[in-house]
Amino acid sequence: MAREFQRGHKAKISDLTPGTDLYVGVQIAAPGLTFDISCFGLDAHEQLSDDRYFIFFNQPKSPEESIQLLGAQSGDTESFRVTLDRIPAAIQKLSFTATLDGSGQMSQIGPGYIRIVAGGEEVVRYAFTGSEFTTERAVMLGDFYLKDVWRFAAVGQGFDGGLDALLKNFGGEVAEEEAPPAAAPAAAPGFAPPAQAAAPPAFGAPPAVQAPQPAPSFGAPPAPTPPPAPQQPMHAAPTIAAPLAPQTPQAPQAPSPYGQPHQPQFGQVPGQGAPPAPPFGQQAPAPYGQPAPAPYGQQPPVGMPPGVPQGMPQGVPQGAPATGAGLQAALQPYKEAATGQRWTPQNQQLMRVDLTMGGSGVLARQGSMVMYQGKVDFGYKSAGFVGRAVGNATGQEMQLMRCTGRGQVFLAEEGSHLHPIELQGDAICVSAESVLAFDESLQYEVRRVEGHGIPGGALFTMLFQGTGTVIVKTHGTPVVLPVTPTTFADCNAVVAWSAASQVIVSSQVRLRRNAYPGHSGETVNLQFRGAPGNFIVVQPYEV
C-alpha cells in the first residue's frame with residue numbers, strides 16, 4: 001500500500017521497497033500551460049558536475065542508462081526509470097523538477113503528485129496543489145539522495161526562474177540554441193527497454209523478465225484502461241476503510257471472499273445484494289467493528305477504479321496502483337491544509353505559519369512548536385533586563401522563541417483553541433497568558449489598568465499594535481461581545497479587548513466578605529465602555 005508523504009517527509013528507500021529498479025511518475029497540469037519535467041544528477045556538493053546526468057527531453061538517458069526518461073504513461077505526465085544500484089558513486093543526489101515552458105506561474109496548476117512504483121505497485125506518493133505556490137515558475141518536487149543508503153524526500157519547493165535558471169542554480173551551463181528542433185523526437189525511444197537489459201530487476205516479478213515489453217521489465221504501472229488518470233476528488237470522501245492494495249482495472253478475475261464484485265454508485269451502501277457475507281463496514285464482520293449506521297464505511301471511496309470489490313482483504317497485491325483506496329480516503333480529512341496564506345489553521349488546536357511568506361520572523365511561546373518542515377532556525381528571544389523585571393512585576397512576562405528561515409512551523413499548546421487576529425495598523429489588548437505567537441513586525445508593551453481594591457493595586461495586559469497577526473489561545477470556544485455601558489466581565493475570564501475601549505474596575509470587595517458563607521466569590525469585575533465597534537473576548541474558563 002502506498003505511503004502518503006507530506007512536504008518535508010523523508011524515508012529510506014529500503015523501508016519503502018526492497019527493490020532498486022524503480023519507476024518514478026510525475027503528474028502536473030494546468031489549463032493552457034506546458035511543462036518540462038527533468039532529473040538533475042548532482043554530486044556531493046549538489047552541483048551538476050557532469051552534464052550527461054541532466055536528464056530531460058533532449059537527453060533522455062544517462063551514459064550507463066541508470067536514469068532514463070520514459071515519457072507520458074499510466075496517467076503520469078512524465079515518467080522515469082531509476083536503477084539505484086547502477087548509479088555511479090560520483091552522483092549523490094537525483095533532483096526531480098518541473099518547470100513552465102512559456103508564460104504562467106505555478107499557482108495555476110491543479111492537484112499533482114510525484115510517486116514511486118516498484119514491481120507495478122505504488123509504494124510512495126507526494127501530492128501537491130497550486131495553492132502551495134505563488135509566482136514561481138519551477139518547483140523541485142522530490143529528491144533521491146545518498147546518505148549511507150539511498151533515501152527519498154518530498155521537497156515541494158518553488159523556484160522563481162524557469163529551466164535555465166534552475167540549471168544555473170545547480171551549477172550547469174545553458175548552451176546556445178544550436179541544435180535543431182529535430183532532436184526533440186529523440187524522447188520517443190524512451191518507451192523501449194534498454195538495449196542491454198539482461199539482468200532481471202531486483203524488485204520485479206520473476207516471470208517475464210526477458211519479455212520485450214518495457215513496463216513489466218522493471219515494474220512500471222500498466223496504463224489504466226477505463227479512466228486514464230485519477231480524478232480530482234479521489235480522496236474527498238472521509239471514509240475509513242480497510243487498506244486496499246491496488247488492483248489492476250481489468251475484468252473481474254476470481255470471486256473475492258465477500259462474493260462477486262459489486263460496483264456501487266456514489267452514495268449507495270456498498271455490498272447490497274452480496275450473497276455470502278456482509279461487506280466491509282457493516283455490523284460484526286467489519287474489520288474495524290463499526291456498526292451499520294456509523295458514518296465509517298457507508299460509502300465507497302470516491303475515485304475507486306472499476307472492478308475493485310468492496311471489502312477486499314488487506315494486503316492483497318493487485319498490480320497497478322489504484323487511486324483513492326481506503327486508508328488514503330480515511331486520512332484525507334486530516335491532511336495538511338495549505339491555503340497560500342502566512343497563517344493557516346489546521347484545526348481548532350493547531351496553527352501553521354509559513355515563514356517563506358512575509359519578510360519578518362515569528363515570535364512564539366517557548367515549547368509551542370509541535371512540528372516543522374523546511375529549513376527553520378529557532379532562537380531564544382531575550383526580553384532584556386528591563387523586560388524581565390517588568391514581566392516579573394506585572395505577571396505579563398512571555399518566554400518567547402524566534403522562528404526564522406524558509407519552511408512551515410506548526411504551533412499548539414495543551415489543546416487550547418487558537419484564533420488568528422490580523423491587525424492592520426490597529427491595536428488590541430491581550431493577556432500574556434493568552435498569547436501563543438505573533439509576527440515579529442508587531443510592537444508590544446505592558447499596559448496598566450488602574451483600579452482600587454485590586455490585589456497589587458492594578459491589572460496588567462499586553463498591548464499589540466501595528467501590522468501583522470497575533471495568535472490568541474483560549475480554553476474552549478470564546479464569545480465576542482460588543483462594548484456597551486452595561487458590559488461587565490470577570491477579569492479572570494477576559495481574554496482580549498479592543499485597545500480603544502475604556503476599562504473601569506468594578507470592585508465588590510468587602511472587608512468581611514469571608515464571614516458571609518453565601519458570598520458569591522465574584523469580587524473584581526471589569527466594566528467596558530467605548531464607541532460602537534469596540535469589543536471584548538471572553539472565554540468559558542477562569543484563569
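Computed from a prediction, not measured in an experiment: that's the story for all the values here. Quick note: numbers below take in every heavy atom, side chains included, and nothing from hydrogens, waters or symmetry partners.
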What pair of heavy atoms forms the shortest contact from E78 to L70, and how long is it? OE2-C, 4.0 Å
May I ask you to decide if F170's main-chain N or O and E46's side chain share a donor-acceptor pair within less than 3.5 Å? no
Close side-chain approach of L436 to V472, heavy-atom, < 4.5 Å: no
In the structure I gave you, are the side-chain heavy atoms of F133 and Q108 within less than 4.5 Å of one another anywhere? no
Let me see the working for V139 and F128 under side chain to side chain contact (heavy atoms under 4.5 Å, CB included), right down to the final yes or no. CA-CA 11 Å; V139 59; F128 53 87; 5.6 Å; no
Heavy-atom closest pair (V362 atom, A437 atom, distance to 0.1 Å) is CG1-CB, 4.3 Å
To the nearest 0.5 Å, what is the distance between CZ (R3) and OG1 (T17)? 12.0 Å
For F56, ring-ring contact (aromatic ring centres under 6.0 Å, His included) partners two or more places apart: F54
Can you confirm whether F528 sits close enough to V503 that some side-chain heavy atom of one is under 4.5 Å from a side-chain heavy atom of the other? yes
Say you draw a straight line from CG of D160 to OG1 of T134; how long is it, rounded to the nearest 0.5 Å? 7.5 Å
Would you find a donor on one side and an acceptor on the other, under 3.5 Å apart, between the side chain of S441 and the backbone of T467? yes
Residue pair V430 / Y444, side-chain heavy-atom distance below 4.5 Å: no
ring-ring contact (aromatic ring centres under 6.0 Å, His included) partner of F96, chosen from Y145, F144, Y126: F144
Within the 4.5 Å heavy-atom criterion, are S38 and L163 side-chain neighbours or not? yes
In Å, rounded to the nearest 0.5 Å, how long is the span from CG of L69 to OG of S62? 11.5 Å
Can you tell if the side chain of L94 reaches within under 4.5 Å of the side chain of F80, non-hydrogen atoms only? no
If you round to the nearest 0.5 Å, how far is CG of D377 from SG of C403? 9.5 Å
Looking at every non-hydrogen atom in both residues, tell me the closest pair between H419 and T474 and how far apart they are. NE2-OG1, 3.0 Å
pair D76-R115: side-chain heavy atoms closer than 4.5 Å: yes
Any donor and acceptor pair, going by atom type alone, linking the side chain of T34 with main-chain N or O of D101 inside 3.5 Å? yes
Which atom names give the shortest non-hydrogen contact between I109 and A30, and what distance separates them? CA-CB, 3.8 Å
Does the pair K12 and R151 meet the rule for a side chain to side chain contact (heavy atoms under 4.5 Å, CB included), with working shown? CA-CA 4 Å; K12 297 179 180 178; R151 306 166 187 256; 3.7 Å; yes
Rounded at 0.5 Å granularity, tell me how far CG in N492 sits from CD in Q539. 9.5 Å
Check whether any side-chain N or O of R137 sits under 3.5 Å from a backbone N or O of G104 as a donor-acceptor pair, and report yes or no. yes
Salt-bridged, E336 to R7, with N to O below 4.0 Å? no
Whether the side chain of Q92 engages the backbone of A89 through a donor-acceptor N/O pair (distance < 3.5 Å, no angle test) should be reported. yes
When you measure from the side chain of E413 to the backbone of K473, do you find a donor-acceptor pair of N or O atoms at a distance under 3.5 Å? no
Nearest heavy atoms of L42 and L48, plus distance in Å: CD2-N, 3.8 Å
Once you measure the plane-to-plane angle for H475 and Y541, does it fall in the parallel (<30°), tilted (30-60°) or perpendicular (>60°) bin? parallel
Check: L350 main-chain N/O paired with N347 side-chain donor or acceptor under 3.5 Å: yes
Checking R406 side chain against G374 main chain: does a donor-acceptor pair fall under 3.5 Å? no
Closest non-hydrogen atom pair, L33 against S103: CD2-O, 3.2 Å
Just checking, any donor-acceptor pair under 3.5 angstrom between side chains of Q47 and S49? no
Side chain to side chain contact (heavy atoms under 4.5 Å, CB included) between R352 and F410, worked out: CA-CA 4 Å; R352 187 191 87 154; F410 294 78; 3.5 Å; yes
Side-chain donor or acceptor of D439 paired with backbone N/O of T469 under 3.5 Å: yes
Should we count CZ of F5 as having more than 12 external heavy atoms under 6.0 Å? yes
Verify whether one side chain among S368 and Q366 offers a donor that lies under 3.5 Å from an acceptor in the other. no
Side chain to side chain contact (heavy atoms under 4.5 Å, CB included), that's the test. Do I13 and V149 meet it? Break it down for me. CA-CA 8 Å; I13 296 296; V149 295; over 6 Å; no
Please check if atom CD in Q465 has more than 12 non-hydrogen atoms from other residues, nucleotides or ligands closer than 6.0 Å. yes
Validation row: M462, V446 side chains within 4.5 angstrom (heavy atoms): yes
Before giving the answer on side chain to side chain donor-acceptor pair (under 3.5 Å), spell out for S431 and E433 the whole-Å C-alpha distance, their side-chain angles and the decisive distance to 0.1 Å. CA-CA 5 Å; S431 171; E433 181 65 25; over 6 Å; no
Got a sec, which residues hit ring-ring contact (aromatic ring centres under 6.0 Å, His included) with Y53, two or more places apart in sequence or on another chain? none
Just by distance, do the side chain of S95 and the backbone of F40 share a donor-acceptor pair under 3.5 Å? no
